[in-house]
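See below for the structure under consideration.
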Amino acid sequence: MAEKEVEKGITVKKEGDFSEWYTQVVEKAELADIRYNIKGFVCYLPWATMSIKKMYSKYERLLEKNGHLPLTMPSLIPESNFHLEAEHVKGFTPQVFWVTESGDGEKFEERLALRPTSETALYKMYSMWVHSYRDLPFKRYQSCQVWRCEGKATRPFFRGREFHWIEAHNVFASEADAMAQVHEYMNVTYDMLQEEFAIPVIFFQRPEWDKFPGAVHTYAADALMKSGKVIQLPSTHYLGTNFSKVFNVKFMDKDEKEKLGHITCYGPAISSIYGAMVAILGDDQGLILPFDLAPVQVVIVPIIFEKGKEDIIKRCLELKKDLEKRYAVKLDDRDYVSAGEKFNEWELKGVPIRIEIGPKDLEKKQAKVVLRHNGKKEFVPDEKLHHFVEEVAKNFTKELKEKTHVDFSAMIHAAKDFEDGRKAIEKGKIVCAGFCSIDLDGAKCAEKVEKDMGAFVRGKRVDKETHKFEKCIVCGKSAKETVYIAKSY
């Protein structure tokens, strides 16, 4: 391989230096440009944007199938809205970008927030839109951007001051109905992240010190890395009647009594999920994408020599015309780039299928097919090529999901004591341990875990728990909960 080609490719191993690997993939696969001159604001480039649009579309279709209707809300929220719910204002005000004056210098009577999240905008309107039990369940969502003045180091897709997400907000007649919606969102997350995006996740109920400001309970999906680290992805919150009380979200029930609505919300951050997809699915060559999400699903590369050039291009054009009826197809007939450089570029960008056609292939009436997710190469007769591509398309994401599957039980270390847990974290394990409480009483023990283990209490499992401990791994008091501790990106 030429020196120039090496420079264009990924120069570090993913397992050896993940941070540098991720930086190089984002830059060299042309996913984002961080040079925009406001800190924490990133330009999403076409290759990432095309996949993100497809991710939005899949999520929106599923939400609407489950009874949600779309909304488009203003991006500005009056400051007075925030002050109605004490916990919410305490949690979000430090991160808010405030708009205070117009272009001609006129000061506004009230500061306006660029929305960090939409509870305080939506529920003000819900009080005008929800009147009767007949209006319930009231399920709405919007696809939008939110802005938070993140103080930590920013990272394209994972952490920024502007991110792209979907937020769903719903009103129900009872706690039971609301909690049923919370569980539906967990299933939606599994359907999207594991089945469509090939990202392994598990749900935890977050501790009280790590819940959404104003929520009764928070449930969040952690994406699992084979390194033992986790990435927080979609979370869903049962808000109870906390916001209903202050925003006057009430309904007249069948018994002709006015009652408070029970509210839930759900926030899959599409940009963060995309970042997790890059991080989890990619390999030392670069990006790997689920078949449906790839901007280009099939790339055709003619292997051109002067002799027979026209015939090869003609065959490639015929194949492109045939395949693009069903797939996103690119014919790379650039004559100023070598075949090797093309192969490296499309591997870097994660195109699922590469088809090569040269003089010998033309003579033998075949094509060479290379698959991105497993590196398999196969010579396929022309008459079987369409069926071969169809089978690959059908099974690609399923095979990718199997490849990236994480055996959660094999990653868990049941810690006997604090030192045992600390050593397990160092070895890349997720620690399972007894804990005094995930209520605020346990916050000091969680601080010790963070300080001395360099890890975080993720919460307790939402599904079946098989481990039980007598004592808290930190303070030694009676263990009320079994929690999971892990490092996070």
Side-chain angles (χ1 to χ4, degrees), residues 10 14-15 18-27 29 31-32 34 42 44-45 47-56 58-59 62 146 150 152-160 162-167 185-186 188-204 206 219-236 266-284 286-295 349-350 373 397 400-406 408 411 428 430 456 458-459 484 486-489:
I10 306 302
K14 180 180 177 181
E15 296 303 321
F18 173 80
S19 180
E20 176 61 20
W21 173 88
Y22 183 83
T23 297
Q24 289 193 23
V25 171
V26 169
E27 179 183 348
L31 307 181
I34 64 171
V42 174
Y44 291 3
L45 299 179
W47 199 256
T49 300
M50 288 187 280
S51 290
I52 287 171
K53 286 178 69 175
K54 293 182 177 187
M55 294 167 71
Y56 267 117
K58 281 181 176 288
Y59 242 115
L62 184 54
V146 291
E150 175 64 61
K152 298 179 182 178
T154 58
R155 192 81 161 163
F157 306 112
F158 279 131
R159 181 186 290 123
E162 176 182 48
F163 61 94
H164 304 250
W165 75 348
I166 295 171
E167 53 179 321
Y185 284 143
M186 293 182 197
V188 165
T189 302
Y190 285 126
D191 287 345
M192 284 289 102
L193 271 68
Q194 293 196 157
E195 300 305 315
E196 298 288 346
F197 306 156
I199 300 173
V201 294
I202 187 166
F203 258 96
F204 296 108
R206 289 288 189 248
Y219 305 85
D222 278 347
L224 305 174
M225 301 280 283
K226 291 182 179 178
S227 64
K229 291 185 178 181
V230 298
I231 303 169
Q232 178 170 318
L233 291 178
S235 56
T236 178
Y266 176 54
I270 301 297
S271 50
S272 297
I273 297 171
Y274 181 79
M277 196 164 64
V278 172
I280 291 171
L281 306 188
D283 63 12
D284 291 344
L287 196 61
I288 298 178
L289 295 167
F291 192 85
D292 286 355
L293 302 184
K349 291 198 166 188
H373 67 313
T397 302
L400 182 58
K401 185 177 66 174
E402 291 168 356
K403 179 183 176 183
T404 57
H405 170 74
V406 173
F408 183 57
M411 296 175 68
I430 294 173
F456 299 88
R458 309 307 295 175
Y484 290 79
K487 289 189 174 182
S488 65
Y489 285 113

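Nothing here was measured: the structure is a model prediction, and the numbers come from that model. Sequential numbering from 1 along the given sequence is applied to the chain's residues.
- Taking all atoms of both residues into account, the shortest heavy-atom contact from L233 to A223 is CD1-CB, 3.5 Å.
- With contacts defined as side-chain heavy-atom distances shorter than 4.5 Å, the pair M277/I199 qualifies.
- For the pair K54/D292, no side-chain contact is recorded, criterion being any heavy-atom separation below 4.5 Å from C-beta on.
- The two residues F18 and M225 make their nearest non-hydrogen contact at CE1-CE, 3.8 Å.
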Derivation of the side-chain contact (heavy atoms from CB on, under 4.5 Å) call for I288 and K403: CA-CA 12 Å; I288 298 178; K403 179 183 176 183; 4.0 Å; yes

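- The shortest non-hydrogen separation linking V25 to G286 is CG2-CA, 4.1 Å.
- For the pair I166/I270, a side-chain contact is recorded, criterion being any heavy-atom separation below 4.5 Å from C-beta on.
- Of all heavy-atom pairs spanning M411 and G228, the tightest one is CE-CA, 3.5 Å.
- A donor-acceptor pair under 3.5 Å is formed between the side chain of W21 and the backbone N or O of D283.
- Taking 4.5 Å as the limit, every side-chain heavy atom of T189 sits out of range of all side-chain heavy atoms of Y219.
- Of the candidates V278, L45, T49, I52, L31 forms a side-chain contact (heavy atoms from CB on, under 4.5 Å) with just one, namely V278.
- The heavy-atom pair separating G160 from E150 by the smallest distance is O-CB, 3.7 Å.
- Taking the side chain as every heavy atom from C-beta outward, L287 and W47 approach each other to under 4.5 Å.
- Remark: aromatic rings of Y489 and Y22 are distant, center separation not under 6.0 Å.
- Checked by atom type and distance alone, the side chain of T404 pairs as donor or acceptor with a backbone atom of A198 at under 3.5 Å.
- For the atom pair L193 CG and I280 CD1, the distance stands at 8.5 Å (nearest 0.5 Å).
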Test side-chain contact (heavy atoms from CB on, under 4.5 Å) applied to S271 and E162, step by step: CA-CA 10 Å; S271 50; E162 176 182 48; over 6 Å; no

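- The shortest heavy-atom contact between P295 and M50 is CB-CE, 3.6 Å.
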Criterion salt bridge (Lys or Arg N to Asp or Glu O under 4.0 Å) on D222 and R206, from CA distance to verdict: CA-CA 11 Å; D222 278 347; R206 289 288 189 248; 2.7 Å; yes

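- No donor-acceptor pair under 3.5 Å is formed between the side chain of K58 and the backbone N or O of M192.
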Y274 and F197: CA distance, side-chain angles, deciding distance, side-chain contact (heavy atoms from CB on, under 4.5 Å) verdict: CA-CA 9 Å; Y274 181 79; F197 306 156; over 6 Å; no

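- Within the 4.5 Å cutoff, side-chain heavy atoms of L281 are placed close to those of P290.
- E196 is not listed as a side-chain neighbour of L62, based on a closest heavy-atom distance of 4.5 Å or more.
- Between Y266 and V188, some side-chain heavy-atom pair lies under the 4.5 Å cut-off.
- A ring pair (Phe, Tyr, Trp, His ring centres under 6.0 Å) with F157 is found for one member of Y44, F163, W165 and no other, namely Y44.
- There is a side-chain donor-acceptor pair under 3.5 Å between T23 and R155.
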Worked check of side-chain contact (heavy atoms from CB on, under 4.5 Å) between I34 and V26: CA-CA 10 Å; I34 64 171; V26 169; 5.7 Å; no

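- Judged by distance alone, with hydrogens and angles left aside, the side-chain atoms of K401 form no donor-acceptor pair with the main-chain N or O of P200 at under 3.5 Å.
- Between the OG atom of S19 and the NZ atom of K14 there is a distance of 13.5 Å, given to the nearest 0.5 Å.
- Taking the six-membered ring where the residue is Trp, the centroids of H164 and Y56 are separated by 6.0 Å or more.
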